[in-house]
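Everything below concerns the one structure shown next.
Nothing here was measured: the structure is a model prediction, and the numbers come from that model.
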Amino acid sequence: MITPDQLRRKYLDFFKSKNHAVISGKSLIPENDPTVLFTTAGMHPLVPYLLGEPHPAGARLVDYQKCVRTGDIDEVGDPSHLTCFEMLGNWSLGDYFKKESIAYSWEFLTSPAWLGLDPRRLSVTVFKGDENAPRDDESAAHWKAQGVPEDRIAYLPASDNWWAAGPTGPCGPDTEIFYWTADGLPPPGSNKGTDSANWMEIWNNVFMEYNRVDEKTLVKLPKQNVDTGMGLERTIAVLNGKSSVYLTESFQPIIAAIEAVSGYRYGGDPAKDSSVRIIADHVRSSTMILGDHKGVSPGNVGAGYVLRRLIRRAVRHGKKLGVEGSFLGKPAAVVVDLLSGAYPELSDNRERVMSELLREEEKFLETLQKGEHEFEKMLPNLLKNPQKIMSGRLAFKLYDTYGFPIELTLELAAENGMTVNREEFDEAFRKHQELSRAGAEGTFKGGLADQSEATTRYHTATHLLHKALRMVLGDHVAQKGSNITAERLRFDFSHPAPMTPEEVQRVQDIVNEQIGRDLPVTMAVMPLEEAKSSGAMALFGEKYEAMVKVYTMGDFSKEVCGGPHVERTGLLGKFVIQKEQSSSAGVRRIRAVLE
Ligand code: SER
C-alpha cells in the first residue's frame, strides 16, 4: 500500500532527481485574479510564468497543489468526482519539451524504483490535429519509443486533447495517460478511444506553446512549456487497487467518522452511500477552504458562497442519513488530521475551521427546518398539478422569504416526482439584483490570464498604493487582499479606523507624485531572507519560495511579487481613489482607478 504522503514524497523526489526545483503549492484563493474564485489546477499559480515571466526558482519546477473545482459539483456522489483534489505537477518553462516530459512520466509510472505500474495496463491519448495545430505525431513517436504499442494510443480531438485554463491564456495540445481499472489485462486494441469506461485518466501532460488572446487569436508563446498534472487521489486509488477514490486512505477515515455520527454503515444502500460520499467530499473541501492561509468565511458572494453551498449540501445529506443536529465537526477533525502533514495551515487554523463550520451548520439547520416546513405546506397543492411542475415563482418564494436554496427545492421536488420551472425561477432570481451576484460562481477563465496592459498597470499601481498607505498611516498597514480587473483595483489592508479625507487625499497625492517621477520598475531574484532584510515588503501569511522576485520602483517601493509589472511608473496615468470603506473587522478597502 502507498499512502498520499508517500506518493507526494516520491513525486517530488523523482523530479528532484531530474533537476527540478521543489516549489511550494499556493493558497486556494488566487491573488490578483478576478476571473476565478479558487485555484482550480496546479498550473494556476504558474500562469504568469507560462506566459513568459521568469520564475525565481528556475525553469524546471515540481510541486503539489490543493485545488477546488466546483464545476462538477452535481456529479459528486459518484465514485470518482471530487470538488477538492490535490494535483502533483511538474513544469518546464522553456526547458525540456515533449520527449523528456513523456520519458519522465513513463519512467515514474513504470519503473520498479518508483511507482512500478504494469505498462500493459497503461494507454495514452494524443491530439488528433485541427485548424489550430497539427496532429501530434511527435508525442506518439515518443510514446512508441518508450514501448507503448500503437493500439494503446488514441488520437482524439481538441475536446479531449487540448488543454486550456480558460477562454484566454496559455494552452496547447496535451497527451493524457490512462490506467486500466477493470480486472485482468485490457484486450488488444483497447484504448481510451474504444473504451472510455474502463480507462481512468491519471496524468495529463500539456504542451503549452500557445497563448489564446481572444476567441479568434492564438499566438505562439515565446517559449515551449510543459505543464503536467497528476491527480493524487486517483493515482492512490490505482496504486492500491481500489475502484473508487472513496475507498482509499484519503477518504476511508472521513467515511468512518460519518458512519460514527450517523449510525449508517457504508455499503448498505446505494442512495445513502451516495450521500456519504457527498458529505465526505464536501466536508473535506469546506475544511480545506476554511483552513486555507487566506481563510474565507461562508457568505453570500464569491468563494464564501461556494463554501456555504458545500457546507449546506453536506448538512442536507446528513439529514438523509438520519442525523439530527450538527455533525460536521467530527469528520472535519479527521480531515485536519489527515492533511495537516502536507498542509500545516490546516492545523494552525483548526479552531477557526471548527467554529465556522458549527456556526454555519446551526444557521442552516434553522433555515432548513423553516423551508421544509413551508414546502410541505405547499405540497398537497403542488401534487394536484397534473404536469408535476412546481412554478419558479414558488421556488423563488422559498428562497427569498425563507433562504431555502434552489438546489434543495429541486431535490425535494424530485423526491416527490416533480420538476421545477427553472427558467421562471432564474428570471425571478436575476431580478433580485444583489443575489444575482451570489450565483456568479466563478469558473476558471484564464487565471491571471487577463494579463492585458490595463491589468498590469493596475498591478503596478497597487505597489505604489501599498507603500503610500504605510507612509501615511503607519507600518501596521499590511496587504490583506487584492483584486484587479482591467477597469479598477481593489486593495484590502489592515487599519483599525476609517481613513480621514485628508489621509485619502495624501495617499492619492503620493501615488501620483511617484507616477509623475516616471520611476523605472526593475526586478531582481534573490533569497527570501535577503529580500526581507533589504526592506522589501512581503505578504504576511503568504508562502514563498527560497528564491523570490523583488520588484523595485525607483527609490520608492520594494516588494516581493511574482509580477508582471509595467516598465515605468509614468505609464500609469492619473491615480484616483474612488472609495475607502470597511471590508471586515480591522480591514479597510480602497477602490481606485487609473484615468
Ligand atoms: N493543467 C493541466 C490539468 O489541469 C495539467 O496540469 O489537467
- Does Tyr551 reach the side chain of Lys558, with side-chain heavy atoms less than 4.5 Å apart? no

- Please indicate whether Glu351 has more than 12 foreign heavy atoms, meaning atoms of other residues, nucleotides or ligands, lying under 6.0 Å from its CD. no

- Identified side chain to side chain contact (heavy atoms under 4.5 Å, CB included) counterpart of Asp281 within the set Ile254, Leu82, Val245: Leu82

- Donor-acceptor pair, Arg457 side chain versus Leu571 backbone, under 3.5 Å? yes

- Do the non-hydrogen side-chain atoms of His20 and Leu61 ever get within less than 4.5 Å of each other? no

- Query: Does any N or O in the side chain of Lys549 come within less than 3.5 Å of the main-chain N or O of Pro54, such that one atom is a donor and the other an acceptor?
  - Reply: yes

- Any Leu519 side-chain heavy atom under 4.5 Å of Ser557 side chain: no

- Task: Can you establish whether the number of heavy atoms outside Gln6 located under 6.0 Å from its atom CD is more than 12?
- Result: yes

- Message: Any salt bridge linking Glu233 with Arg284? Criterion: basic side-chain nitrogen under 4.0 Å from a carboxylate oxygen.
- Response: yes

- Query: Does Arg234 use its side chain to pair, donor to acceptor, with the backbone of Ile202 at less than 3.5 Å?
  - Reply: no

- Item | Ring centres under 6.0 angstrom apart (Phe491, Tyr458) | no

- Message: If you define the side chain from C-beta out and look only at heavy atoms, does anything of Leu489 sit under 4.5 Å from Ser482?
- Response: no

- From the options Asp227, Val226, Thr228, select the one residue that forms a side chain to side chain contact (heavy atoms under 4.5 Å, CB included) with Ser92. Val226

- Between atom CD of Glu567 and atom OG1 of Thr456, what is the distance when rounded to the nearest 0.5 Å? 11.0 Å

- Taking atom types as modelled, is there a side-chain donor on Arg488 or Asn483 under 3.5 Å from an acceptor on the other? yes

- Query: Between the side chains of Ser297 and Arg352, is a donor N or O closer than 3.5 angstrom to an acceptor N or O?
  - Reply: yes

- Salt-bridge criterion met for Arg8 and Glu86 (N-O under 4.0 Å): yes

- Task: Report yes or no: does Asp63 contribute a side-chain atom to a donor-acceptor pair with the main-chain N or O of Ile23 at less than 3.5 Å?
- Result: no

- Give a yes or no on this: more than 12 heavy atoms of other residues, nucleotides or ligands lie within 6.0 Å of atom CZ of Arg506. no

- Message: Please verify the inter-ring angle class for His459 with His463; under 30° counts as parallel, over 60° as perpendicular, anything in between as tilted.
- Response: perpendicular

- Task: Examine distances only and state if a side-chain atom of Thr460 and a backbone atom of His565 form a donor-acceptor pair shorter than 3.5 Å.
- Result: no

- Is there a donor-acceptor contact under 3.5 Å from the side chain of Ser101 to the main chain of Phe97? no

- Item | Candidate pair Lys18 and Glu107, rule salt bridge (charged side-chain N to carboxylate O under 4.0 Å, His left out), full reasoning | CA-CA 11 Å; Lys18 307 291 180 197; Glu107 182 184 347; 3.0 Å; yes

- Message: I'd like to know whether the aromatic ring centres of Tyr96 and Tyr104 sit less than 6.0 Å apart in this structure.
- Response: yes

- Side chains of Asp292 and Tyr343: donor-acceptor distance under 3.5 Å anywhere? no

- Is the side chain of Asn211 donor-acceptor paired with the backbone N or O of Val219 at a distance under 3.5 Å, no angle test? no

- Return yes if some donor-acceptor pair links the side-chain N/O of Lys98 with the main-chain N/O of Glu138 below 3.5 Å, else return no. no

- Message: Just to verify, which of Thr462, Val504, Leu469 counts as forming a side chain to side chain contact (heavy atoms under 4.5 Å, CB included) with Ile590?
- Response: Leu469

- Message: Between Ser105 and Asn205, do the side chains contain a donor N or O and an acceptor N or O under 3.5 Å apart?
- Response: yes

- Task: Describe, in one word, how the ring planes of Trp114 and Phe108 are oriented to each other, choosing from parallel (under 30°), tilted (30 to 60°) and perpendicular (over 60°).
- Result: tilted

- Query: Thr175 and Ser139: side-chain donor and acceptor closer than 3.5 Å?
  - Reply: no

- Message: Do Leu464 and Phe575 make a side-chain contact, defined as non-hydrogen atoms from C-beta onward lying under 4.5 Å apart?
- Response: no

- Message: Strictly distance-based, threshold 3.5 Å: is any side-chain N or O of Gln508 a donor or acceptor partner for the main-chain N or O of Ile577?
- Response: yes

- Message: Tell me whether Ser582 contacts the main-chain N or O of Arg588 through its side chain, where contact means a donor paired with an acceptor under 3.5 Å.
- Response: no

- Candidate list Met87, Lys26, Gln65, Lys66, test side chain to side chain contact (heavy atoms under 4.5 Å, CB included), partner Thr39, passing option: Gln65

